[in-house]
Amino acid sequence: MNKIQEFIKKLLFRLSANESYLLYQNQLFSKHAITVKHDRIRFIRRWITFPFKLNTKELKGEQFYLLLIHTNNIAHFFHDVFFPFYVEWRKNKKRVCVSIKGDHFQREFLESVIDPQDLIFLDYNTAYSFSDLIITPEGRDLKIYPEYLNICREIKNTCFTKHHIVEARNKNLIYGRNELSRKNLLDIDQQFLQANNIEQVFLSKLSLRDYLDTLAKAETFTYMVGAGVFNLLFLDSSVKVLEINPYRNNSWAQMFGLSNLCQFNVVISNNLANSSAATQDEAVLDSHVYFDTQIEAAIKSLVTGNN
């Protein structure tokens with residue numbers, strides 16, 4: 001038995017009458033059957049009693065939401081974890097216990113949408129016991145929620161208001177993921193950008209406020225497919241968007257709903273370079289794309305209004 005297994009075994013003590021849940025890292029144990037689907041929790045299982053006892057931090061006498069964020073991918077964070085939670089939370093607001101592994105951007109986003117006084121950030125390596133939790137399901141497809149577009153706009157407006165940002169959409173932006181390891185837009189022609197009044201941005205390097213302020217200025221937005229689908233949340237119906245896909249259309253925006261927040265277009269390129277950091281089962285979908293005449297033509301149509 002390794003040290004973690006031994007530690008967890010010691011955590012599995014007989015709960016008192018007012019303790020029903022135990023959380024350690026991404027493992028949640030419960031006295032009650034948990035019926036919601038949530039693959040982000042490694043194990044969800046009924047409580048098993050052992051004659052061992054180890055001190056935990058107790059959060060009792062109150063019903064909390066439990067929000068487990070153990071992914072650094074901002075698209076998985078938003079689609080899989082945050083949005084299904086938010087749909088429920090906005091109807092029945094209570095304090096939220098958040099387990100997050102050091103992602104500052106996600107934490108700032110949460111504090112922009114939910115009053116920080118209502119957020120309790122948990123230490124990943126501390127064990128917590130609770131008397132009552134609301135566990136929301138994992139999701140992916142925003143379209144299953146009839147009001148999802150209005151809810152997305154609500155989230156955007158809340159963030160902009162929090163950071164005193166006013167939308168002034170007068171810039172052509174391009175985001176090539178060039179600061180990341182996969183799906184880069186390679187050899188971007190800077191003369192082409194200058195001639196067409198296009199500004200290249202490096203969104204993952206920005207603070208949350210600067211990130212929001214940048215997207216609030218987008219009149220057109222060109223980007224490489226990937227986790228950056230989250231960026232569409234901060235656009236509006238007037239913004240013309242071009243998503244560049246390597247090899248085939250693998251657009252989460254179209255599959256799961258965010259494409260309906262803007263004027264959305266896709267271009268598929270087969271002028272590719274392999275990425276040594278590919279993580280998808282179909283590795284070609286993580287390929288870099290060369291900036292070529294096909295990409296130029298698609299962007300020019302976007303910025304001139306001929307798409």
Side-chain angles (χ1 to χ4, degrees), residues 39-40 69-81 101-106 138 140-141 172-196 198-206 211 214-215 218 220-235 240-259 262 264-303 307:
D39 292 339
R40 298 285 149 185
I69 306 170
H70 300 148
T71 175
N72 291 325
N73 183 300
I74 198 68
H76 284 291
F77 158 75
F78 182 72
H79 286 80
D80 298 0
V81 181
K101 292 184 71 175
D103 191 299
H104 190 65
F105 182 91
Q106 293 174 1
E138 184 183 54
R140 181 67 56 85
D141 189 354
N172 301 309
L173 303 180
I174 185 169
Y175 176 50
R177 291 174 50 102
N178 300 90
E179 72 275 33
L180 304 177
S181 60
R182 299 178 290 124
K183 292 194 283 276
N184 298 168
L185 186 56
L186 302 176
D187 299 341
I188 297 175
D189 186 337
Q190 297 298 320
Q191 290 184 334
F192 172 85
L193 299 189
Q194 185 175 4
N196 289 278
I198 299 169
E199 178 181 338
Q200 185 175 1
V201 294
F202 301 87
L203 295 176
S204 68
K205 291 186 175 182
L206 301 178
Y211 164 87
T214 298
L215 291 175
T220 71
F221 183 63
T222 298
Y223 76 108
M224 283 292 298
V225 69
V229 65
F230 175 76
N231 302 323
L232 304 187
L233 179 66
F234 301 104
L235 305 181
K240 293 176 287 185
V241 172
L242 178 67
E243 182 185 81
I244 302 169
N245 281 249
Y247 183 62
R248 65 174 173 84
N249 188 345
N250 189 41
S251 175
W252 271 35
Q254 289 183 323
M255 285 188 281
F256 305 131
L258 285 180
S259 63
C262 53
F264 191 79
N265 304 271
V266 168
V267 62
I268 300 168
S269 175
N270 284 289
N271 189 1
L272 310 177
N274 292 335
S275 168
S276 60
T279 61
Q280 297 195 57
D281 292 338
E282 195 173 357
V284 68
L285 296 176
D286 275 338
S287 297
H288 307 306
V289 171
Y290 284 104
F291 190 93
D292 58 13
T293 55
Q294 178 198 16
I295 301 298
E296 284 188 3
I299 294 173
K300 195 159 189 178
S301 293
L302 193 78
V303 301
N307 61 306

What are the two closest heavy atoms between [X] and [Y], and how far apart are they?
{"X": "Met224", "Y": "Pro246", "value": "CE-CD, 4.4 Å"}
{"X": "Asn250", "Y": "Val225", "value": "O-CG2, 3.9 Å"}
{"X": "Leu215", "Y": "Leu235", "value": "O-CD2, 3.8 Å"}
{"X": "Ile74", "Y": "Gln106", "value": "CD1-CG, 4.0 Å"}
{"X": "Leu180", "Y": "Asn184", "value": "O-ND2, 3.1 Å"}
{"X": "Phe264", "Y": "Leu232", "value": "CE1-CD1, 3.8 Å"}

Phe230: ring pair (Phe, Tyr, Trp, His ring centres under 6.0 Å) partners, not counting sequence neighbours: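 Partners of Phe230 by the ring pair (Phe, Tyr, Trp, His ring centres under 6.0 Å) criterion, ordered by chain and then number, come out as Phe78, Phe109, Phe234.
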
In chain order, what residues pass the ring pair (Phe, Tyr, Trp, His ring centres under 6.0 Å) check against Phe192, with sequence neighbours excluded?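 Phe192: ring pair (Phe, Tyr, Trp, His ring centres under 6.0 Å) contacts with Phe291.
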
Hey, are the side chains of [X] and [Y] touching, using non-hydrogen atoms and a 4.5 Å cut-off?
{"X": "Arg177", "Y": "Leu185", "value": "no"}
{"X": "Asp141", "Y": "Met255", "value": "no"}
{"X": "Asn249", "Y": "Gln254", "value": "yes"}
{"X": "Tyr223", "Y": "Ile244", "value": "no"}
{"X": "Thr214", "Y": "Leu206", "value": "yes"}
{"X": "Lys101", "Y": "Asp103", "value": "no"}
{"X": "Glu138", "Y": "His76", "value": "no"}

For the pair Asn265 and Glu243, evaluate side chain to side chain donor-acceptor pair (under 3.5 Å) and give the outcome as yes or no after the intermediate values. CA-CA 6 Å; Asn265 304 271; Glu243 182 185 81; over 6 Å; no

Verify side chain to side chain contact (heavy atoms under 4.5 Å, CB included) between Tyr247 and Glu282, making sure each step is shown before the conclusion. CA-CA 10 Å; Tyr247 183 62; Glu282 195 173 357; 3.4 Å; yes

Inspect the surroundings of CD in Gln194 and state if more than 12 heavy atoms from other residues, nucleotides or ligands are less than 6.0 Å away.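 Incorrect, the count does not exceed 12.
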
Atom pair [atom1] ([X]) and [atom2] ([Y]), whose distance is rounded to the nearest 0.5 Å:
{"X": "Asp80", "Y": "Asn73", "atom1": "CG", "atom2": "CG", "answer": "8.5 Å"}
{"X": "Leu285", "Y": "Ser287", "atom1": "CG", "atom2": "OG", "answer": "7.5 Å"}
{"X": "Ile174", "Y": "Thr220", "atom1": "CD1", "atom2": "OG1", "answer": "9.0 Å"}
{"X": "Leu173", "Y": "Phe221", "atom1": "CG", "atom2": "CZ", "answer": "7.0 Å"}
{"X": "Gln200", "Y": "Leu193", "atom1": "CD", "atom2": "CG", "answer": "6.0 Å"}
{"X": "Asn231", "Y": "Tyr175", "atom1": "CG", "atom2": "OH", "answer": "7.0 Å"}

Could you please spell out the steps behind the side chain to side chain contact (heavy atoms under 4.5 Å, CB included) verdict for Ile188 and Asn178? CA-CA 10 Å; Ile188 297 175; Asn178 300 90; 3.7 Å; yes

Please list, one pair per line, the donor and acceptor atoms closer than 3.5 Å that link side chains of residues 270-277 to other protein atoms, with sequence neighbours excluded.
residue, atom, partner, partner atom, Å
Asn271, ND2, Asp292, OD2, 3.0
Ser275, OG, Ser181, O, 3.1
Ser275, OG, Ala277, N, 3.1

Please walk me through it: do Gln294 and Ser269 pass side chain to side chain contact (heavy atoms under 4.5 Å, CB included)? CA-CA 8 Å; Gln294 178 198 16; Ser269 175; 3.9 Å; yes

Has the side chain of [X] got a donor or acceptor atom that lies under 3.5 Å from a matching backbone atom of [Y]?
{"X": "Asn196", "Y": "Ile198", "value": "no"}
{"X": "Arg182", "Y": "His288", "value": "no"}
{"X": "Asp286", "Y": "Gln280", "value": "yes"}

Kindly determine whether Glu179 and Ser204 satisfy side chain to side chain donor-acceptor pair (under 3.5 Å), including the steps that lead there. CA-CA 8 Å; Glu179 72 275 33; Ser204 68; 2.6 Å; yes

Please determine whether side chain to side chain contact (heavy atoms under 4.5 Å, CB included) holds for the pair Val267 and Leu242, giving the CA-CA distance in whole Å, both sets of side-chain angles, and the decisive distance to 0.1 Å. CA-CA 7 Å; Val267 62; Leu242 178 67; 3.9 Å; yes

